[in-house]
Amino acid sequence: MKKKFEQFIKGSVEQICKDIHDMTYLYKNTDVPTTHYKKILNDTVEEILPGIIEMGVMDVYYKSLKHIKDENPQLFMKALLCLECGLKTSDLRVKDQVGLNDCMELYMKEKIIIDKRYKELIENPITQIDLEDDYAEKYMN
């Protein structure tokens, strides 16, 4: 007995797009036009490859940084602040260390606000209309 997948992969791009459209609609009555899928399926691998490579590199960075952060979150953030401010950790003077500690305090306070705003944006993403209505300006300043 054949599976749907076997029949699916033998179809033309148009038929595959229609099948994906139908599957998407059956999931949550989401009506995505077949032209959307056709554009994606007609992209060449060369166009997609840079994005795949970028995501792979970002995943390596993420895993490395997460490991370092898990070891000592405060030192990790201080090191990031040094990178961002162009400070060499080997050249830090007392005033730099005090400033770094003050920045860490401020970061920890702001992090609560940032985390809350991030969760709001995940639940209610900003659309182009929102941007045109100065929505971003309200939250980015």
Side-chain angles (χ1 to χ4, degrees), residues 1-93 95-141:
M1 193 170 223
K2 280 189 174 183
K3 295 190 179 207
K4 285 185 179 185
F5 178 74
E6 293 168 358
Q7 187 176 4
F8 177 81
I9 60 171
K10 290 180 182 176
S12 66
V13 171
E14 286 78 17
Q15 186 58 47
I16 290 172
C17 292
K18 288 177 185 175
D19 290 345
I20 295 172
H21 171 271
D22 293 343
M23 287 185 284
T24 306
Y25 186 80
L26 289 172
Y27 177 62
K28 287 191 178 178
N29 295 338
T30 305
D31 193 18
V32 178
T34 56
T35 54
H36 170 73
Y37 299 116
K38 188 173 182 178
K39 181 185 178 304
I40 293 170
L41 292 175
N42 282 324
D43 278 350
T44 61
V45 175
E46 291 83 22
E47 293 173 12
I48 297 170
L49 195 57
I52 293 170
I53 292 171
E54 183 178 300
M55 290 303 293
V57 171
M58 187 169 67
D59 187 52
V60 170
Y61 287 174
Y62 171 81
K63 287 176 181 174
S64 299
L65 292 172
K66 183 175 181 338
H67 175 74
I68 295 168
K69 181 181 178 188
D70 289 346
E71 284 183 12
N72 191 325
Q74 288 223 331
L75 284 179
F76 171 78
M77 287 308 302
K78 285 181 180 181
L80 282 181
L81 284 169
C82 286
L83 278 172
E84 191 62 32
C85 295
L87 299 171
K88 291 182 181 178
T89 55
S90 58
D91 295 340
L92 289 179
R93 302 181 69 183
K95 68 177 185 166
D96 298 322
Q97 292 174 10
V98 170
L100 204 52
N101 289 332
D102 291 346
C103 284
M104 273 302 297
E105 260 185 62
L106 180 62
Y107 168 78
M108 295 309 287
K109 290 176 185 173
E110 294 291 323
K111 185 176 183 328
I112 296 167
I113 296 168
I114 292 168
D115 289 347
K116 181 181 175 195
R117 182 68 188 128
Y118 176 75
K119 289 175 186 170
E120 289 173 3
L121 286 172
I122 293 298
E123 292 172 11
N124 303 302
I126 295 176
T127 64
Q128 186 63 37
I129 294 168
D130 293 329
L131 290 173
E132 290 168 2
D133 291 338
D134 296 323
Y135 186 81
E137 187 176 319
K138 178 180 175 184
Y139 290 102
M140 305 270 181
N141 291 328

Counterpart residues, salt bridge (Lys or Arg N to Asp or Glu O under 4.0 Å), relative to [X] (two or more places apart):
| X | result |
| --- | --- |
| Asp91 | none |
| Lys66 | Asp70 |
| Lys111 | Asp115 |
| Lys63 | Asp59 |

Between Leu92 and Cys82, what is the shortest heavy-atom contact and its length?
CD1-SG, 4.1 Å
Residue set satisfying side chain to side chain donor-acceptor pair (under 3.5 Å) with Glu71, at least two apart, ordered chain then number -> His67
Applying side chain to side chain donor-acceptor pair (under 3.5 Å), can you list everything that pairs with Asn29, at least two apart in sequence or on another chain?
none
Got a second to check how far [X]'s [atom1] is from [Y]'s [atom2], nearest 0.5 Å?
| X | Y | atom1 | atom2 | value |
| --- | --- | --- | --- | --- |
| Met23 | Ile20 | CE | CD1 | 5.5 Å |
| Leu41 | Thr34 | CG | OG1 | 10.5 Å |
| Asp31 | Asp22 | CG | CG | 10.0 Å |
| Ile113 | Lys109 | CD1 | NZ | 10.0 Å |
| Thr89 | Leu75 | OG1 | CG | 10.5 Å |
| Leu100 | Gln97 | CG | CD | 8.0 Å |

Taking side chain to side chain contact (heavy atoms under 4.5 Å, CB included) as the test, write out the residues that go with [X], two or more places apart.
| X | result |
| --- | --- |
| Gln74 | Asn72, Met104 |
| Val60 | Ser64 |
| Ile68 | Phe76 |
| Val32 | Thr24, Thr30, His36, Tyr37 |

Does Lys116 form a side-chain contact (heavy atoms from CB on, under 4.5 Å) with Lys119? I'd like the steps, not just the answer.
CA-CA 5 Å; Lys116 181 181 175 195; Lys119 289 175 186 170; 5.9 Å; no
Could you give all pairs that pass the side-chain hydrogen bond (donor to acceptor under 3.5 Å, both in side chains) test and reach residues 7-17, with sequence neighbours left out?
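Sorted pair list: Glu14-Lys38, Gln15-Asp19.
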Could you list all the salt bridge (charged side-chain N to carboxylate O under 4.0 Å, His left out) pairs where at least one residue sits in residues 77-90, not counting sequence neighbours?
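Checked against salt bridge (charged side-chain N to carboxylate O under 4.0 Å, His left out) - neighbours excluded - no pair reaches residues 77-90.
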Taking the side chain as everything from C-beta on, heavy atoms only, tell me whether Met108 gets closer than 4.5 Å to Glu105.
no
Around Phe8, counting heavy atoms of other residues, nucleotides and ligands shown, do more than 12 lie under 6.0 Å from its CZ?
yes
Does a sphere of radius 6.0 Å around CD in Glu54 hold more than 12 heavy atoms from other residues, nucleotides or ligands, not counting ones at 6.0 Å or beyond?
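No, because the 6.0 Å sphere around CD of Glu54 holds 12 heavy atoms or fewer from other groups.
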